[in-house]
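So you know, we letter chains A, B, ... as the sequences are listed, proteins then strands, and number each from 1.
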There are 2 protein chains.
Amino acid sequence: MSAITPDETVLGLLAAQARHGYQLLDCFQDPRKLGRVWKLSTSQLYNVLKRLEREGAIVGCEVASESGPPRTEYTLSAAGQARLSAWLNEPNPSSSIRRVRVEFLSRLFIARALALPTSAIVHRQREACLRERERLAAEHSMAQSSIESLTLAFVVEQLDGVLRWLSTCETLLASN
Amino acid sequence: MSAITPDETVLGLLAAQARHGYQLLDCFQDPRKLGRVWKLSTSQLYNVLKRLEREGAIVGCEVASESGPPRTEYTLSAAGQARLSAWLNEPNPSSSIRRVRVEFLSRLFIARALALPTSAIVHRQREACLRERERLAAEHSMAQSSIESLTLAFVVEQLDGVLRWLSTCETLLASN
DNA sequence: GCAAACTATTCCATGTTAGAATACCGGGCG
DNA sequence: CGCCCGGTATTCTAACATGGAATAGTTTGC
């Protein structure tokens with residue numbers, strides 16, 4: 001699991017409610033939902049569904065619709081449930097800037113959609129970012145060229161921003 | 001030119017000095033050079049060279065080596081020169097976080113390698129980031145859901161970090 | 001009853017990617 | 001002298017991602 005894919009996020013959406021591709025696509029395009037977080041094309045989303053089904057995390061079932069063409073409605077399997085909760089409880093989330101922006105926000109969104117507590121998720125993310133910040137600050141102090149130094153300073157600065165932002169997350173989620 | 005590729009950076013390296021693929025690869029892997037900025041595999045780099053040659057920006061010339069297999073040494077064409085300087089003087093550089101981290105740092109590295117002034121480059125990047133920050137802050141104030149609001153707050157926070165970091169860039173480059 | 005718009009999914013050509021495979025050379029070693 | 005090894009330099013391959021067009025069914029407006 002190296003690349004950054006919406007797979008687990010799809011599992012989360014399906015855990016909240018069985019859906020078909022087109023509905024999921026809407027979640028990923030509506031800016032009030034995940035549209036600001038992910039930017040998925042049609043084929044990408046249907047690719048994810050195909051992959052998840054192949055891996056046995058979800059089960060598709062062709063259903064006739066009263067209004068429109070037939071659709072394939074997907075449901076979580078037990079394996080999918082397990083994978084989803086492993087993802088939500090990830091002890092050491094990635095602290096790459098992009099991943100925080102995408103994965104962490106997705107986790108938060110899914111946890112809230114499932115009415116699960118979010119404080120542990122935020123806390124683990126904060127810890128991971130703090131560790132990474134320290135690691136990079138140490139590397140920064142040993143940089144051997146100005147470009148290396150500037151690059152590391154950039155990432156440290158970004159992580160400081162993330163940490164500050166995580167604080168506002170905590171505040172907002174506490175006052176809910 | 002939508003995706004984020006090292007094409008222009010390669011042009012810059014070749015402008016400083018004619019090189020073959022393996023040497024370029026070294027620049028992109030040595031952490032004291034561009035190794036912290038880009039993470040390129042062999043085939044990626046050779047793909048870039050093939051593309052640039054197909055587009056007429058560079059010219060390859062097979063050379064026998066005294067120590068090792070023959071190599072293809074690349075030189076900038078006039079078109080390549082033009083493209084490079086358009087890239088260096090880009091009036092409205094992207095302010096996506098990832099692009100700043102990668103493209104802007106590459107511009108800086110190349111400008112310094114070519115002994116060109118850097119202050120205009122930094123200034124244009126700062127202006128672009130400021131504009132984008134204001135645009136996103138305005139969108140943030142109109143967010144219609146908590147996830148949308150958090151996402152926009154994240155990016156605004158990151159851009160604030162970028163702006164602070166650009167200041168330290170200016171200081172460091174001035175004291176040179 | 002026909003066109004247009006919406007719902008839903010698949011297909012296709014192109015490009016990207018990691019990593020294996022190839023190939024060439026000089027030097028050390030038995 | 002023959003051979004293998006490690007560094008140099010590039011190409012190949014198979015798998016996967018991507019955007020956008022194509023398909024196809026259904027309702028709605030006129």
Atom [atom1] of [X] and atom [atom2] of [N]: how far apart are they, to the nearest Å?
X: A:Y74; N: C:dA8; atom1: OH; atom2: C1'; answer: 11 Å
X: A:I4; N: D:dT18; atom1: CD1; atom2: C1'; answer: 16 Å
X: B:E53; N: D:dT10; atom1: CD; atom2: C1'; answer: 13 Å
X: A:E62; N: C:dT7; atom1: CD; atom2: P; answer: 19 Å
X: B:K39; N: C:dA18; atom1: NZ; atom2: P; answer: 12 Å
X: B:R71; N: D:dT11; atom1: CZ; atom2: P; answer: 14 Å
X: B:L49; N: D:dT10; atom1: CG; atom2: P; answer: 8 Å
X: A:E73; N: C:dT7; atom1: CD; atom2: P; answer: 16 Å

So A:T42, base contact, sugar-phosphate only, or nothing? Heavy-atom distance under 4.0 Å.
base
Scan side-chain atoms only and decide if B:R107 and B:T118 contain a donor-acceptor pair under the 3.5 Å cut-off.
no
The criterion is side-chain hydrogen bond (donor to acceptor under 3.5 Å, both in side chains); which residues satisfy it with A:E132, sequence neighbours excluded?
A:R135
Under 3.5 Å, which protein N or O atoms sit close to an N or O of nucleotides 13-17 of chain C? Give each pair with its distance.
from, atom 1, to, atom 2, distance (Å)
C:dT16, OP2, B:R51, NH1, 3.2
C:dT17, OP2, B:Q44, OE1, 3.3

Residue list, side chain to side chain contact (heavy atoms under 4.5 Å, CB included) with [X], at least two apart or on another chain:
X: B:R124; value: B:N89, B:P93, B:A120, B:I121
X: B:R164; value: A:E157, A:R164, B:E157, B:D160
X: B:S41; value: B:S43, B:Q44

Per the ring-ring contact (aromatic ring centres under 6.0 Å, His included) rule, what does the pair list look like for residues 113-142 of chain B, sequence neighbours excluded?
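Not a single pair qualifies under ring-ring contact (aromatic ring centres under 6.0 Å, His included).
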All pairs passing ring-ring contact (aromatic ring centres under 6.0 Å, His included) where residues 93-118 of chain A contributes a residue, at least two apart
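Listed once each, the pairs are A:F104-A:W165.
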Tell me, do A:F28 and A:V37 make a side-chain contact under 4.5 Å, heavy atoms counted?
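Counting from C-beta outward, A:F28 and A:V37 never come under 4.5 Å.
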Give a yes/no on whether any side-chain N or O of B:Y46 is located under 4.0 angstrom from OP1 or OP2 of D:dT11.
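No, B:Y46 has no side-chain N/O under 4.0 Å of OP1/OP2 on D:dT11.
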side-chain hydrogen bond (donor to acceptor under 3.5 Å, both in side chains) contacts touching residues 45-54 of chain B (sequence neighbours left out):
B:D7-B:R51
Looking at residues 15-28 of chain B, who's got a heavy atom less than 4.0 Å off DNA chain D?
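Per residue number, the list reads B:H20, B:G21, B:Y22.
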